Structure formats: structure tokens, C-alpha cells
2 protein chains.
Amino acid sequence: MLSKKTQYAFHALTYLAENHSKGPILISEISQERQISLKFLENILLELKKSGVLGSKKGKGGGYYLIKSADEIPLAKVIRVLDGPIALLPCVSLNYYEKCENCQEEICGLNRVMADVRDNTLKVLENKTLKDILRNR
Amino acid sequence: MLSKKTQYAFHALTYLAENHSKGPILISEISQERQISLKFLENILLELKKSGVLGSKKGKGGGYYLIKSADEIPLAKVIRVLDGPIALLPCVSLNYYEKCENCQEEICGLNRVMADVRDNTLKVLENKTLKDILRNR
DNA sequence: TGTATTCCCTACCTATTTTGTAGACTAATA
DNA sequence: TATTAGTCTACAAAATAGGTAGGGAATACA
């Protein structure tokens, strides 16, 4: 399941996309409009900024804004930033690979199937973007 | 990611499948052969029994055994028993549906995409069975 | 009938992760 | 230089994961 963090991230990002024309948006505005704890949201937006999804501006007239257009941000990107691996096993993760304990990959039949699951999941999450989850359509 | 519980479950189940001809298998034997904490494994096998995947027999000559053949146990079944929902959001779960907080389903664009992810994930997990992850092939 | 065997059940414990909070600090702007 | 608004560090409560302890109940067999 997606963590609250990731769910909040999507709510915040869609808000930013829908109000893109207004320029930088305050954290506090997003917090109020989308009912997300202010301080928690701060962390989330900061992580999204550090990973290149958002830009920010300090001081009066500042706020957060999308760096790319909504259809250039795959859902997989957001999930990886906030939740980490998308695969069901560390040993088949593309971006967060780790060796499984207690399981020799050559004879463990689980990894082949889980790589299959991963590919089918990513087929959706890599191709669907922020634009696909916007409200006003 | 799959929990240790579910991963252990798969290791135990494949062991049971591979030694099916020997009749009921002791928890302690599985624990040793697959390197899983004995008491933790007890819980896991018990859950699998209660959900109809395994049968058991008490007393001398007892142990656990598969009720159905390996190709009749979809991986999705095992995951649901031990990890719960497979979907990424409660509001698109087939077996564990719950309303999302802070999100009106009619206008939240996330659920449609996540239902799509769910379907693609299940396409694999419902059709692949224990048999597909056995070691001796 | 009694005893060893083996799963069943309840309760508990510890570490980690998730979720959220507090407050000081830095940068930009007017 | 005062105000605004993001940045950073640290902390803390709550939930979950992972694992442990010990007795109870059913079965087999002598």
C-alpha cells in the first residue's frame, strides 16, 4: 500500500498542477486546501524538490511550483521518491536493488515471478503521469 | 514490498510441495531446512491453515501438509492471507476495501489509475501458482 | 489409561517505521 | 532592516513488523 506520505504528495502535486498559472504556491495554502498537516507537508515538498520534481522560491511571493509539465512526471517517480522501491522483493528492484537474505537467487523461483509483477506494475506507473490524475477534466 | 512473513510463507509452502510424498511435515523440520525462526513459523503456518491453504495433524506422525496441489494455489491467495491487500490504495482493494480518508472517490483521479495497477498486478499473481516457484524443475 | 508428541492459542516483547511536531536558521524581497 | 517563506535538525507518539514464551488440547500408541 502507498504510505500517507505518498498519497499526500499526489494531492499536493495535483494542486500545484491545477494552479500552475498562479506562480509559486505557499505550503500553507496547499496544506489548507488539501487538508494535510502543515509541518508534515513541508518535509514532503522538500523531498520532492531535492529529487528534482519541484522548484521553490523563498521570501515574499515565494512558494513551490512544478519544474516540468504534469505529463512529464510519471507516477512511478513520485512513489520512488517517497516510498522507495516499487517491486515486491528487494532482489528484483530496479532502483533499490538489494540481495535477499536466506535466498539464493539462482534457485529461488520467487524472483522470476516477482520481476514479472514488477514489469506489469511499471507498465502503468511509468506511463501514467500527474496529468492522468488531475481533477479538472 | 512483501513482508518477511509472506516471504517465509512461500519458502515453507515450496518445501511442503517438494516433500508432499512424505506425508505431514513437522514445523521444526521446515524451520531447520528453510532457516526460519520456529515460533514465528508456527504463527505463519497456523494462519495458512485457518485460511484453507494447509491441513494439519496433531500427535505423533503429525505435521502440516498441502490441501490442494501446488498449481491450485495462486500466489495472490498467500499474499492476501499474510500481508492483506494487494492494491496500492484501500479504496481500490477487491478483498479489503476501505474508504480513503480525505479523498472523495468521484473526483480523486488516483483511484482509477491505481485500479489499473491492481488489475495488472493481479493478472500475474492470480495466474501464477505455487508450482511456478518450486525449486526442482 | 497414561504418556509422549505435535499442533493450537494467548499473551507478550523489542526494534523499526510511519506519522506528525517544534523551533531555530537562512535566503529573498520590499 | 523587517517581513516573508522555505530549510534544516531534532524529537516524539503511534503503529507495525518481527520474534519469543509458555501452557493447552488433540492424537497416537504402548
Side-chain angles (χ1 to χ4, degrees), chain A residues 1-9 11-12 16 22-32 34-51 53-67 79 81-85 88-90 96 98 100-102, chain B residues 1-9 11-12 16 22-32 34-67 79 81-85 88 90 96 98 100-102:
Chain A
M1 299 271 259
L2 297 181
S3 68
K4 292 268 183 195
K5 223 170 176 175
T6 300
Q7 292 180 49
Y8 290 157
H11 287 137
L16 286 175
K22 285 164 57 183
I25 308 281
L26 295 181
I27 306 178
S28 56
E29 180 179 338
I30 306 172
S31 161
Q32 284 182 353
R34 289 290 154 94
Q35 306 275 40
I36 306 170
S37 151
L38 177 67
K39 294 300 270 181
F40 197 31
L41 183 57
E42 274 188 14
N43 300 330
I44 295 169
L45 296 179
L46 199 51
E47 288 190 70
L48 286 169
K49 184 203 165 180
K50 287 181 179 168
S51 58
V53 174
L54 292 180
S56 68
K57 208 184 156 203
K58 291 183 181 177
K60 183 152 193 176
Y64 279 101
Y65 51 89
L66 289 175
I67 285 181
I79 295 177
V81 167
L82 296 154
D83 266 358
L88 293 179
L89 289 179
Y96 297 86
E98 272 180 66
C100 282
E101 333 160 11
N102 307 332
Chain B
M1 300 271 259
L2 297 181
S3 67
K4 292 269 184 194
K5 224 170 175 174
T6 300
Q7 293 181 48
Y8 290 159
H11 287 137
L16 287 174
K22 286 165 57 183
I25 309 281
L26 294 181
I27 306 178
S28 55
E29 179 179 339
I30 306 171
S31 160
Q32 283 181 354
R34 289 290 153 94
Q35 306 275 40
I36 305 169
S37 150
L38 176 67
K39 294 299 272 181
F40 197 31
L41 184 56
E42 272 188 19
N43 300 331
I44 294 169
L45 296 179
L46 199 53
E47 287 190 71
L48 287 168
K49 185 205 165 179
K50 285 180 179 167
S51 58
V53 174
L54 293 179
S56 68
K57 207 184 154 200
K58 290 182 182 177
K60 183 153 195 175
Y64 278 101
Y65 51 89
L66 290 175
I67 284 181
I79 296 177
V81 167
L82 295 155
D83 266 359
L88 293 179
Y96 296 85
E98 271 180 65
C100 283
E101 333 161 11
N102 306 334

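This one's a predicted model, so the numbers in the text were calculated from it and none came from an experiment. Quick note on labels: first sequence line is chain A, next is B, and so on, each numbered from 1.
Here D:dA5 presents its C1' atom at 13 Å from OH of A:Tyr65, a figure rounded to the nearest Å. Atom P of nucleotide D:dG19 and atom CG of B:Leu41 are separated by 11 Å, given to the nearest angstrom. Computed from coordinates, the B:Ile44 CD1 to D:dG18 C1' distance equals 9 Å when rounded to whole Å. Spacing between atom CD of A:Glu47 and atom P of C:dG20 amounts to 14 Å, rounded to whole angstrom units. In this structure, B:Leu46 places its CG atom 13 Å from C1' of C:dT6, rounding to the nearest Å. A:Glu29 has its CD atom 15 Å from the C1' atom of D:dT4, to the nearest Å. We find that CD1 of B:Ile30 is positioned 13 Å from P of C:dT6, with the value rounded to whole Å. What separates CE of A:Met1 from P of D:dT16 is a distance of 11 Å, to the nearest Å.
Between the side chain of B:Asp83 and the main chain of B:Thr6, no donor-acceptor pair closer than 3.5 Å is present. Remark: the backbone N or O of A:Ile36 is paired with a side-chain donor or acceptor of A:Ser31 at under 3.5 angstrom. The closest donor-acceptor contact from the side chain of A:Arg34 to the backbone of A:Ala12 lies at 3.5 Å or more, if one exists at all.
For the pair A:Tyr8 and C:dT19, the criterion of a side-chain N or O lying under 4.0 Å from OP1 or OP2 is not met. Remark: B:Lys5 is not in phosphate contact with D:dG18, judged by side-chain N or O atoms under 4.0 Å from OP1 or OP2. Residue B:Ser3 places none of its side-chain N or O atoms closer than 4.0 Å to OP1 or OP2 of D:dT16. An OP1 or OP2 oxygen of C:dT6 is reached within less than 4.0 angstrom by no side-chain nitrogen or oxygen of B:Tyr64. Phosphate contact (OP1/OP2 of D:dT7, side-chain N/O of A:Ser56, threshold under 4.0 Å): present.
Residues B:Lys58 and A:Leu26 both approach DNA chain D. Their nearest nucleotides, taken by heavy-atom distance, put A:Leu26 toward the 5′ side. Both A:Lys57 and A:Leu2 lie near DNA chain C, and the one whose nearest nucleotide falls closer to the 5' end is A:Leu2. Positionally, the nearest nucleotide of DNA chain D for A:Gly62 lies more toward the 5' end than for the other of A:Lys50 and A:Gly62.
Comparing D:dC29, D:dT20, D:dG19 by their nearest atom to the side chain of B:Lys60 picks out D:dC29. Checked against D:dT20, D:dC8, C:dG20, the side chain of B:Asn43 finds its nearest nucleotide in D:dT20. Checked against C:dG23, C:dT19, D:dG18, the side chain of A:Glu42 finds its nearest nucleotide in C:dG23.
Among B:Ile25, B:Ile27, B:Val53, the single residue meeting the side chain to side chain contact (heavy atoms under 4.5 Å, CB included) criterion with B:Leu45 is B:Ile27.
At the heavy-atom level, B:Ile25 lies under 4.0 Å from the strands shown only through sugar-phosphate atoms. Within the 4.0 angstrom heavy-atom criterion, no nucleotide atom of any strand lies near A:Leu45. At the heavy-atom level, B:Leu38 lies nowhere under 4.0 Å from the strands shown.
Look at B:Glu29 and B:Lys22 and you find a salt bridge, because one of the NZ, NE, NH1 or NH2 atoms lies within 4.0 Å of a carboxylate O, short of that distance. A salt bridge links B:Lys39 with B:Glu42: the closest approach of a Lys/Arg side-chain nitrogen to an acidic carboxylate oxygen falls below 4.0 angstrom.
Evaluation of atom-type donor-acceptor distances gives a pair under 3.5 Å for the side chain of A:Lys39 against the base of C:dG23.
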